[in-house]
Amino acid sequence: MFQNSRENKTSLSDLGEFGLIDHLTKNFKITHESTIKGIGDDAAVLDFKGKQTVVTTDLLVEGVHFDLAYMPLKHLGYKSVMVNLSDVYAMNATPKQITVSIAVSNRFPLEALEELYAGIQLAAELYKVDVVGGDTTSSASGLLISITALGAASEEDVVYRSGAKPNDLLVVTGDLGAAYMGLQVLEREKEVFKVNPNSQPDLEPYSYLVERQLKPEARKDIPDLFKALELKPTSMIDISDGLSSEIIHLCKSAKTGVNLFEEKIPLDPAVISVCEEFEIDSTTIALSGGEDYELLFTIDQRDYDKIKANPNFTVIGHMAEENEGMHLVTRANQKIPLIARGWNSIGKEEE
Ligand code: ADP
Ligand code: MG
């Protein structure tokens, strides 16, 4: 990895700030009509021509949100963009532009930032967003990346967190828990590597999990699918922190309760088997794992026919009156209160 091969690397101080910005951004092309001016002035100029604009930003900090011991920089660049685009799709909007700000220590040679930007560029190309600006500064030790995404949507298409009504169906895309278990597998390999640096990890049985952790894809297809199905969700949110906390966000914003059915939660077989191996409960992982970047939304019951045959969607429960509370209905048909537990509390004793 790059930290171990400093020879033949270009020090950032050789380039200077402006040389660095120019070097990193020279390949970005402008593709959207709404981008009037991208990189190169004091500010970008955008024109969404009567559409509403959604803006979202995320800050990723080395040692808190990512570990470069197992996160290749190209993947990190790609993932940093995905995290933001996922929020734009969760508004039922189309991302158009991003800005990328980085703080780096002199521990990183130019080649490391080129890798990071290769991932950013790949994501920008595949998801059709223009990189229109950013900021570049130094940091005392680690790497920080802040990305802001802008998207456009017609006023009538924007979906908020707050629109759910009692009896609306609660629906999720894809499957849950894989990214968190991918992280557990990578953490385990990191510990093995510390003890025996010559060990070659066999990640093949875990490839789906590791890919969900290192190369997540935002659900670009879902807003398009909603249009094709002539379906507008009543509320929506993306799953970054874990299913239970996102459901609670929807309920609190809409002042509703919920019944979530454990047996309906979509799990990939790879998640079920790795949970057995790690001796953790797969429902706990789906509820609290996070980083799935799937979409969670509610629909009116009358729209059920539009989604029922579609393999992208799983109905996992329904909204309820606020005074009925928020519950998980277990496989044993027990009703237990749904609680928001972040990824960092998994495995700890329940209060
Ligand atoms: P200012 O002094 O106004 O902050 P900069 O010299 O930092 O301007 O930036 C010059 C141009 O390069 C601006 O358009 C800015 O948005 C863009 N830019 C700076 N850093 C980055 C980066 N890391 N990635 C993409 N664009 C950047
Ligand atoms: Mg600047």
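Start at 1 and go down the list; that is how both ligands and their atoms are numbered. These figures come from a predicted structure and were not determined experimentally.
Using a cut-off of 4.0 Å between Lys/Arg side-chain N and Asp/Glu carboxylate O, Glu277 and Arg188 are scored as salt-bridged.
Polar contact with ligand 1: present for Val100 (N/O pair, distance under 3.5 Å). Considering backbone and side-chain atoms together, Thr136 places an N or O closer than 3.5 Å to an N or O of ligand 1. Geometrically, ligand 1 and Ile21 share no nitrogen or oxygen pair separated by less than 3.5 Å. The shortest N or O to N or O distance between Tyr117 and ligand 1 is under 3.5 Å.
Checked by atom type, the side-chain pair Tyr180/Gln213 shows no donor-acceptor distance below 3.5 Å. Side-chain contact check for Asp281 and Thr284: at least one donor-acceptor pair (N or O, by modelled atom type) lies under 3.5 Å.
The shell of residues lying under 4.0 angstrom from ligand 1, judged by heavy atoms, excludes Ser101.
With a 4.0 Å cut-off on non-hydrogen atoms, Ile39 touches ligand 1 through its backbone as well as its side chain. With a heavy-atom cut-off of 4.0 Å, Asp135 touches ligand 1 through backbone and side chain alike. Contacts between Thr99 and ligand 1, counted as non-hydrogen atom pairs separated by less than 4.0 Å, are absent for every part of the residue. Contacts with ligand 1 closer than 4.0 Å are made by no heavy atom of Phe28, backbone or side chain.
In this structure, Glu262 CD and Ser282 OG are separated by 7.5 Å, a value rounded to the nearest 0.5 Å. The distance from the CD atom of Glu155 to the CD atom of Gln52 is 4.5 Å, given to the nearest 0.5 Å.
The Asp41 neighbourhood of ligand 1 comprises atoms 13 (C), 14 (O), with distances under 4.0 Å to a heavy atom of that residue. Proximity to Phe18 (heavy-atom distance under 4.0 Å) selects the following atoms of ligand 1: 6 (O). Each of the following atoms of ligand 1 lies closer than 4.0 Å to a heavy atom of Thr25: 24 (N), 25 (C), 26 (N).
Using a 30° and 60° split on the angle between ring planes, Phe261 and His318 fall in the tilted class, from 30° to 60°.
Residue nearest to atom 14 (O) of ligand 1, selected from Gly38, Gly133, Gly40: Gly40 (by heavy-atom distance).
Geometrically, Lys96 does not engage Phe48 in a cation-pi contact, judged by NZ or CZ lying under 6.0 Å from the ring centre and within 45° of the ring axis.
Summarising the local packing, NZ of Lys227 is surrounded by more than 12 heavy atoms from other residues, nucleotides or ligands at distances under 6.0 Å.
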